[in-house]
There are 2 protein chains.
Amino acid sequence: MTINDVARTAGVSRQTVSRALNDKGEIDGSTKQRVLDAARELGYRPSRFARGLVRQDTTTIGLVIPDLLNPFFTEVAAGALEAARARGWHVIVYDTADSIDEERGTLEVIVSQVDAVVGYFSLDEAELDRHLSGIPAVLIGREHRTPRFSSIRVEGATGVREAVDHLASQGHLRIGMLDHASRAGQSVRRKWFTDAMNAHGLNADAVGNAVQSVDGGAAALHELLAEHPDLTAVFTFNDIIAIGALKAARWLGRAVPDDLAVIGFDGLQLGAVVHPALTSVALDTRRVGALAIEQAGRLLAGETQLPDEELQVNAVLLVRESA
Amino acid sequence: MTINDVARTAGVSRQTVSRALNDKGEIDGSTKQRVLDAARELGYRPSRFARGLVRQDTTTIGLVIPDLLNPFFTEVAAGALEAARARGWHVIVYDTADSIDEERGTLEVIVSQVDAVVGYFSLDEAELDRHLSGIPAVLIGREHRTPRFSSIRVEGATGVREAVDHLASQGHLRIGMLDHASRAGQSVRRKWFTDAMNAHGLNADAVGNAVQSVDGGAAALHELLAEHPDLTAVFTFNDIIAIGALKAARWLGRAVPDDLAVIGFDGLQLGAVVHPALTSVALDTRRVGALAIEQAGRLLAGETQLPDEELQVNAVLLVRESA
DNA sequence: TTGAAAGCGCTACCAT
DNA sequence: ATGGTAGCGCTTTCAA
């Protein structure tokens, strides 16, 4: 079923069919109608490949995220989808299931299907570069060297400082943290925390390590409080872990925020749903996704990139109930 | 930058380049290496359009969902992505933002970009059919007539019956419902509820209507209890609304489940995070997504479709804490 | 207003 | 092992 079949049925040349289908002028009204009828009757649909080949205008972005079920990535994805739709671009979503092998597999297949790649990657830059063989990429929350790449940076030092200020102003002196250490070692968020604590002359030595899940956060709080029973507040790597901490606190009979104040990171909508509602160092997650798309567009067009300040998303303290 | 440039640079014909790039045999090792080097040097990437045109093998599915931020749809999407990945297919995700106009726009653009469409639609079938001009589609949670379409059905009568049984066995006699009425009128879930109540000889007249959001659920419970203060249990259209009800109950000083039992529908993972953990008539959401992809594949291949029973996902009662 | 011809970038098939 | 030729389905000149 090609354009030629339509042409034959309508008794015209295929160029005329093309004109009718693409709403070009230069065609007689009745001819056009006849062509359109024939096309409908035959159930004809233009091939996207043939069309893409000749009109170089469809843009498709690959969005790579580690886990779509994690609301943080979902929010970022939603922002990206919206920004892409505004430009008439298409987004193919790849979920790497938090696995580095799946990530390799994804990259393998992605290069032949999209014009640019955006998202969260675990591979080191050399391997990324190799797999991506020439496609522009926007790394979120991670620096880059490769000129063809770009980064969306998350600036949380100020927000975390606000969080610690907030706790300190309420008289908290013993504040712990639930970090999420990766292969790369301590997180940047932990560094922000340490700096903020030091600025208050406080010790930042009560730090536990949590698996990235609600249960992981709960388990980690158990351990941390066993070791440091005197803690009156905890800051966590992110909201998921914080929600686990909320659970554990309830289990331990520690009322939040009175017996234990909890502050998360990310500012997920989910945090408003739990009880007590989660106080968090909030990121504009949708903006992260939107920025990534915007920047991918610039890389693609070879335009001047956004200045560093604009490629940065700042986190700010969002006070709800848990602290 | 085409295959010809690479051929010229490597001093071979473009067919040889193609062989090298596609790992075909019939090529000398050193020649292959030379070609590969040239390609890398030039930063050459094959055009997906040209390739798709000649090898008719890449399959792309369009996944249409009303709101990616709604965890229900996210879970379905995750199931769909996983099933698609297993087949080597690509999924373009479209978020229609719960708007019928966006849905129209999406369909407009989708037909020229994907091989089949899967998801949740609000348009009536005639208009759907018109927009989709020939592409196969799998409608989730909704019946179809068009032969080119297919449906994934959600069977909840049994699960809802279990829910009501569960409540009745605990002595609940006054059970209300928070429905989510759409333009089409009362929901099927309400019918299931009514039938289950009647089977117990109970009245199903305490039914409120909730907007599809946490706050909507909270507001609806307020109203419902104001009108029917004697209710000791509520069943809700879905988990999102149930979580709102949980919030409202806390606000009203009604302990859950002792003063008010709450049962939702969907069985979202989110329900395990809130407190008390939500009892729900649970759907295997990932399976819904996976089935939709599977069925799309069959429509595409012209294979025999799955029998009706297999195109159906059954909901079962998942008892947690709220009832 | 219509049609013929060229060509988008690639792979498959048949020579050599 | 390599190259020539044809053709995938479409749009875009250019002529008529």
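In what follows, chains carry the letters A, B, and so on, assigned in the order in which the sequence lines appear, proteins first and then strands, with residues in each chain numbered from 1. The figures here come from the full heavy-atom set of this structure, side chains too, leaving out hydrogens, waters and symmetry mates.
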Atom pair distance, as rounded to whole Å: [atom1] in [X] and [atom2] in [N]:
X	N	atom1	atom2	answer
B:Arg48	C:dT11	CZ	C1'	18 Å
A:Asp57	C:dC8	CG	P	17 Å
A:Leu21	D:dG9	CG	P	15 Å
A:Arg55	C:dG9	CZ	P	16 Å
B:Leu42	C:dG9	CG	P	15 Å
A:Phe49	C:dT11	CZ	C1'	14 Å
B:Gln56	C:dA12	CD	P	11 Å

Under 4.5 Å between any side-chain heavy atoms of [X] and [Y], yes or no?
X	Y	answer
A:Phe121	A:Ile140	no
B:Val6	B:Thr9	no
A:Asn238	A:His180	no

Inset, instruction - Check every strand shown and say whether A:Leu53 touches a base, only sugar-phosphate, or nothing at a heavy-atom separation below 4.0 Å. - result: base
Inset, instruction - Please work out if B:Lys32 contacts a base, only the sugar-phosphate, or nothing of the nucleic acid, heavy-atom cut-off 4.0 Å. - result: nothing
Minimum-distance nucleotide (side-chain atoms of [X] versus [options]):
X	options	result
B:Glu26	D:dA1, D:dC10, C:dG9	D:dA1
B:Asp28	C:dG9, D:dT2, C:dT11	D:dT2
A:Val54	D:dA1, D:dG9, C:dT1	D:dG9

Inset, instruction - Verify the contact: side-chain N or O of A:Lys24 to OP1 or OP2 of D:dT12, cut-off strictly under 4.0 Å; return yes or no. - result: yes
Legend entry - N or O in side chain of A:Thr31 less than 4.0 angstrom from C:dT2 OP1/OP2: yes
Legend entry - B:Phe149: ring-ring contact (aromatic ring centres under 6.0 Å, His included) partners, not counting sequence neighbours: none
Give, for atom [atom1] of [X] and atom [atom2] of [Y], the distance between the pair rounded to the nearest 0.5 Å.
X	Y	atom1	atom2	result
B:Asp95	B:Asp67	CG	CG	5.5 Å
B:Asp5	B:Met1	CG	CE	4.5 Å
B:Gln269	B:Arg286	CD	CZ	7.5 Å

Legend entry - Shortest non-hydrogen separation from A:Arg45 to B:Leu132 and the atoms involved: CD-O, 4.5 Å
Legend entry - Heavy-atom pair with the smallest gap, counting every atom of A:Leu53 and B:Phe49: N-CB, 3.7 Å
Inset, instruction - Pull out every residue in residues 3-20 of chain A that has a heavy atom closer than 4.0 Å to any atom of DNA chain C, ordered by number, or say none. - result: A:Val12, A:Ser13, A:Arg14, A:Gln15, A:Thr16, A:Arg19
Inset, instruction - Taking atom types as modelled, find out whether A:Ser151 and A:Glu143 have a side-chain donor-acceptor pair closer than 3.5 angstrom. - result: no
Inset, instruction - Return the 5'-most residue of the pair B:Gly29, A:Tyr44 with respect to DNA chain D, ranking by each residue's nearest nucleotide. - result: B:Gly29
Inset, instruction - Using five base pairs at each end, measure the axis-to-axis angle across the helix from C:dT1-D:dA16 to C:dT16-D:dA1 and round it to 10 degrees. - result: 40°
